[in-house]
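First listed ligand is number 1; within each ligand, the first listed atom is number 1.
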Amino acid sequence: MEIIRIPVLADNYIFLMVDLELKIAAVVDPAEAAPVLAELARQQVELVAIFNTHHHGDHVGGNKELIAAFPDVRVYGGAEDRGRIPGQQVYLVDGDRVQFGDYPGDRLRQRIGEVLFIPGHTRAHIAYYFPPVESDVPGELFCGDTIFAGGCGRLFEGTPAQMVGSMTKLRQLPDNTRIWCAHEYTLGNLKFAITVDPDNRELQQRLVDVTESRRKLIPTVPTLLGIEKRTNPFLRWDVGALQASVASNDAVETFARIRGRKDQF
Ligand code: ZN
Ligand code: FE
């Protein structure tokens with residue numbers, strides 16, 4: 001199985017999980033249909049699943065046209081998003097499993113995704129986590145607008161406490177988990193991050209590296225959870241340096257203050 005990153009709109013990424021042997025694909029958060037249809041044609045695969053993380057237009061905008069092109073496609077989303085995701089057929093809650101591919105007896109081609117309920121950006125947001133199928137393969141996390149490389153999604157419908165709860169869940173995944181977040185916001189995020197965590201050496205170096213990558217228009221997604229835990233201020237509400245920089249010793253308050261500063265940045 002292969003994951004293809006499709007850049008669309010100003011800064012969105014659509015992800016296509018492709019099984020070339022079964023000739024099927026699943027798409028995560030199709031903002032638009034046309035670039036997905038073009039990639040499916042190029043790969044000569046059939047779309048069997050749409051995995052939506054939340055209802056925002058830049059994550060579901062392509063649903064209707066994709067359903068029209070592939071009438072048998074299954075459309076997944078969070079149970080709390082009922083009525084907000086075009087064509088939704090499956091209403092997922094925390095701990096549910098989704099399957100992509102079906103090759104009984106062959107674990108490599110049978111990817112089982114675990115659903116994590118991660119409200120905060122919206123009240124219904126979910127993530128899809130595909131654990132490793134072999135020990136030397138990373139897990140894959142599709143977390144929409146929750147963790148970004150170097151940042152996190154705005155709190156449109158959720159509270160800081162909810163977001164800290166959601167981040168706590170995601171933070172427990174293995175450090176080598178690849179994070180496929182839905183936007184290329186990394187450089188802006190790191191420019192902010194350094195203002196609240198200025199003495200973090202790894203963050204300083206990451207800002208240098210990402211500045212160079214973006215100058216060459218190299219994508220910075222996926223990122224790795226381990227890197228985020230060490231350099232993303234929105235996963236570091238319990239680190240002394242971060243708490244000191246926003247003058248709090250409370251986890252949720254620290255998170256809320258960092259988020260508040262980012263909103264003004
Ligand atoms: Zn969103
Ligand atoms: Fe978005």
**Message:** I'd like to know if the side chain of Gln89 reaches the main chain of Val75, judged simply by a donor and an acceptor atom lying under 3.5 Å from each other, with no hydrogens or angles considered.
**Reply:**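 The answer is yes, because a donor-acceptor pair under 3.5 Å joins these two groups.
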**Item:** Donor-acceptor pair, side chain of Gln162 and main chain of Pro119, under 3.5 angstrom
**Value:**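 Not confirmed, Gln162 side chain does not pair with Pro119 backbone.
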**Message:** Can you tell me which residue among Tyr185, Phe148, Phe265 is in a ring pair (Phe, Tyr, Trp, His ring centres under 6.0 Å) with Phe192?
**Reply:**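 Only one option passes, and that is Phe265.
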**Message:** Rounded at 0.5 Å granularity, tell me how far CD in Glu140 sits from OG1 in Thr177.
**Reply:**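 Glu140 atom CD to Thr177 atom OG1 measures 8.5 Å (nearest 0.5 Å).
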Only N/O/S atoms count here: what is the atom of [X] closest to the Fe ion (ligand 2) called?
| X | answer |
| --- | --- |
| His183 | NE2 |
| Asp58 | OD2 |
| Asp145 | OD2 |

At a threshold of 2.8 Å, where the distance has to be below it, does the Zn ion (ligand 1) have an N, O or S atom of [X] nearby?
| X | answer |
| --- | --- |
| Asp58 | no |
| His121 | yes |
| His56 | yes |

**Asked** Quick check: does His59 put an N/O/S atom under 2.8 Å from the Fe ion (ligand 2)?
**Response**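 Yes, since at least one N, O or S atom of His59 sits under 2.8 Å from the Fe ion (ligand 2).
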**Item:** Closest Asp145 atom to the Zn ion (ligand 1) [N, O or S only]
**Value:**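 Checking each N, O and S atom of Asp145, the shortest distance to the Zn ion (ligand 1) belongs to OD2.
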**Message:** Can a side-chain donor-acceptor contact be found between Gln88 and Tyr76 if the only test is distance below 3.5 angstrom?
**Reply:**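 No, Gln88 and Tyr76 have no side-chain donor paired with an acceptor closer than 3.5 Å.
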**Message:** With side chain to side chain contact (heavy atoms under 4.5 Å, CB included) as the test, pick out the partner of Arg171 among Glu228, Arg236, Lys229.
**Reply:**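 Testing each of Glu228, Arg236, Lys229 against Arg171, the sole residue satisfying side chain to side chain contact (heavy atoms under 4.5 Å, CB included) is Lys229.
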